[in-house]
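Quick notes on the structure that follows.
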Amino acid sequence: MEAATVPTRLSRVNGQIGELIIAGFPLEEIASHSTFEETLYLLWHDSLPTAEQLEHLKKMLVAQRPLPAATLDILKEAALHKVGAMDALRMAASTLTLKLPQDSREEDLRPGAIVLVACLPTIVATYWRLLHNQAPIEPNSDLDHTANYLYMLFGEVPSPENVRALETYFNTVSDHGLNASTLTARVITSTQSDVISAVVGAIGALKGPLHGGAPGLALDMVLEIGDPSQAESYLRNKLESGGRLMGFGHRVYKVRDPRASMLSKAAENMCRAKGDMKLYNLARQVEEVAVKLLGEYKPGRKLETNVEYYTALILHELGLSKDFFTPTFAVGRVSGWTAHCFEQQSRHRLIRPLSPYVGATDRHWVPLEKR
Ligand code: ACO
């Protein structure tokens, strides 16, 4: 049985000093340099790929991007019923077993992991198009993973700045310790189940509002404020009435979330390239006032900017609506989930936490007619 702690070489979070290490590298080095595929390789193999290894990984992913016909049918049906994007993703992801040869569905997790990483963007982009009454776009094998995702969503080859912004986002969310969805994936793998089951379970955990399922609230707040001159009165009112400022505070980080810093830079570069800094500048000014007021109203609580704040800005500026923020998170986090599945499998240990019994004792059976 697995001990109470689950050791990992994949990432280390130090909330006191605001440090996130991804497979030995500071997030700051990975976030702005690495491509999606390089980070994936690093998490899977514990080293950066050579040019040849990277090419090989890219080829395997490109080959697996198209969806089985049954997956497409399910997405069409889901769109007809206006199923939520995370539910549609979960339903479609479970059909990916259809892509695996019969003899590689269980012990060897690698083929399933490749299929999942390759297909999650196709599923999400296809569902986005279907919900918008647009024909799905076939994957473009000339484009790398991140650029292809944007291409399948919006039908245009994206600008390098937009690709870099999304790639930075994917890197920042690729792995983050033993969060709820990652733990779910590990528990499922620890029973010697398959990797598709593990990731489908992880998607279910990510959907909940306490994990990944309440995105965009920080952006709503910034948009409601609308103008920097309104920030102080709006935020004061919110705090006076006992409300929380969205995008601030974190259970683990007691200083500025390092992911917020990376995402803020990526958002700035993207907005500058677009020639429209209005929303970015507003967000920066609101952030400054919010941190100042949180210090005033909640002294000693150490409430700083968290990852949600600039995530929402980046995904919004890329053209996504709020309901697709969490599915896009899943497209990034699947690297970490699958890497944790490999790591867990190599431990050969069942995760089975102890559960102290706190229920009644000394009860005796009462027949139905006497209850
Ligand atoms: N705005 C105002 N006050 C806050 C905020 C905030 N954003 N966050 C915490 N506080 C206050 C609480 O009211 C509480 O004050 P009190 O002791 O006077 O009652 C104190 O700080 C501690 O609050 P907790 O909820 O115990 O802190 P915790 O560390 O458990 O909360 C959480 C973390 C849930 C993220 C919280 O900071 C919050 O609600 N933030 C706003 C929502 C948000 O941004 N969510 C996304 C988080 S990012 C992520 O999870 C990936």
Side-chain angles (χ1 to χ4, degrees), residues 6 10 40 43-44 61 64-79 81 83-102 104-128 130-131 145 149 170 173-176 178-213 215 323-345 350-352:
V6 180
L10 295 164
L40 178 69
L43 289 171
W44 281 6
L61 290 172
Q64 292 299 338
R65 283 175 185 167
L67 302 180
T71 313
L72 194 57
D73 287 346
I74 282 183
L75 289 173
K76 284 182 181 161
E77 195 65 20
H81 292 264
V83 164
M86 281 302 280
D87 288 325
L89 173 60
R90 171 181 46 74
M91 289 156 69
S94 65
T95 65
L96 295 176
T97 304
L98 295 170
K99 286 189 72 115
L100 298 176
Q102 220 174 342
S104 75
R105 289 185 187 148
E106 301 293 336
E107 299 86 41
D108 184 2
L109 303 186
R110 224 150 279 260
I114 290 277
V115 163
L116 282 160
V117 173
C119 285
L120 254 51
T122 319
I123 291 173
V124 177
T126 299
Y127 198 56
W128 165 269
L130 291 171
L131 280 187
H145 193 81
Y149 178 48
F170 283 155
V173 299
S174 60
D175 199 50
H176 200 246
L178 210 60
N179 56 84
S181 56
T182 299
L183 175 62
T184 304
R186 285 192 78 128
V187 170
I188 294 174
T189 307
S190 81
T191 69
Q192 294 185 356
S193 182
D194 66 290
V195 70
I196 306 253
S197 299
V199 167
V200 169
I203 291 169
L206 184 67
K207 179 192 158 188
L210 294 188
H211 189 3
D323 51 336
F324 276 74
F325 288 4
T326 312
T328 300
F329 186 130
V331 168
R333 180 55 64 84
V334 71
S335 329
W337 288 335
T338 47
H340 276 275
C341 292
F342 296 145
E343 192 175 55
Q344 185 60 42
Q345 190 190 41
L350 178 69
I351 298 178
R352 175 66 167 88

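Note that these values count all heavy atoms, side chains included, but never hydrogens, waters or copies made by symmetry.
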4.5 Å side-chain heavy-atom contact, Ile196 and Leu100: yes

Shortest non-hydrogen separation from Ser335 to Trp44 and the atoms involved: O-NE1, 3.8 Å

From Asp108 atom CG to Asp194 atom CG, the distance as rounded to the nearest 0.5 Å: 12.0 Å

Distance, nearest 0.5 Å, that separates NE2 of His211 from CZ of Phe329: 5.5 Å

Separation of Ile203 CD1 from Trp337 CH2 (nearest 0.5 Å): 5.5 Å

Heavy-atom side-chain contact between Lys207 and Leu89 under 4.5 Å: no

Shortest non-hydrogen contact between Ser197 and Ile188, atoms and distance: O-CD1, 3.7 Å

Between CZ on residue Arg333 and CG on residue Asn179, distance to nearest 0.5 Å: 4.5 Å

Lys99 side, atom NZ; Leu116 side, atom CG - distance, nearest 0.5 Å: 10.5 Å

side-chain contact (heavy atoms from CB on, under 4.5 Å) between Phe342 and Leu43, worked out: CA-CA 10 Å; Phe342 296 145; Leu43 289 171; over 6 Å; no

Nearest-0.5 Å distance, CG of residue Leu350 to OG1 of residue Thr191: 7.5 Å

Residues Ile123, Leu96; criterion side-chain contact (heavy atoms from CB on, under 4.5 Å); working and verdict: CA-CA 10 Å; Ile123 291 173; Leu96 295 176; 4.1 Å; yes

Non-hydrogen atoms of Thr338 and Ala113 that approach each other most closely: CG2-CB, 3.8 Å

Gly332 versus Phe170, closest heavy-atom pair with distance: CA-CD2, 3.4 Å

Within-4.5 Å side-chain heavy-atom neighbours: Thr328 and Tyr149: yes

Shortest non-hydrogen contact between Thr184 and Ala205, atoms and distance: OG1-CB, 3.5 Å

For residues 66-79, which side-chain N or O atoms pair as donor and acceptor with protein atoms under 3.5 Å away, sequence neighbours left out?
residue: Thr71; atom: OG1; partner: Thr95; partner atom: OG1; Å: 2.8
residue: Glu77; atom: OE2; partner: His81; partner atom: NE2; Å: 3.3

Of His340, Gln345, Glu343, the residue whose pairing with Thr189 passes side chain to side chain contact (heavy atoms under 4.5 Å, CB included): Gln345

Min side-chain heavy-atom separation Ile351-Gln344 under 4.5 Å: yes

Non-hydrogen atoms of Val331 and Pro121 that approach each other most closely: CG1-CG, 3.8 Å

Stepwise side-chain contact (heavy atoms from CB on, under 4.5 Å) check, His145 with Leu40: CA-CA 11 Å; His145 193 81; Leu40 178 69; over 6 Å; no

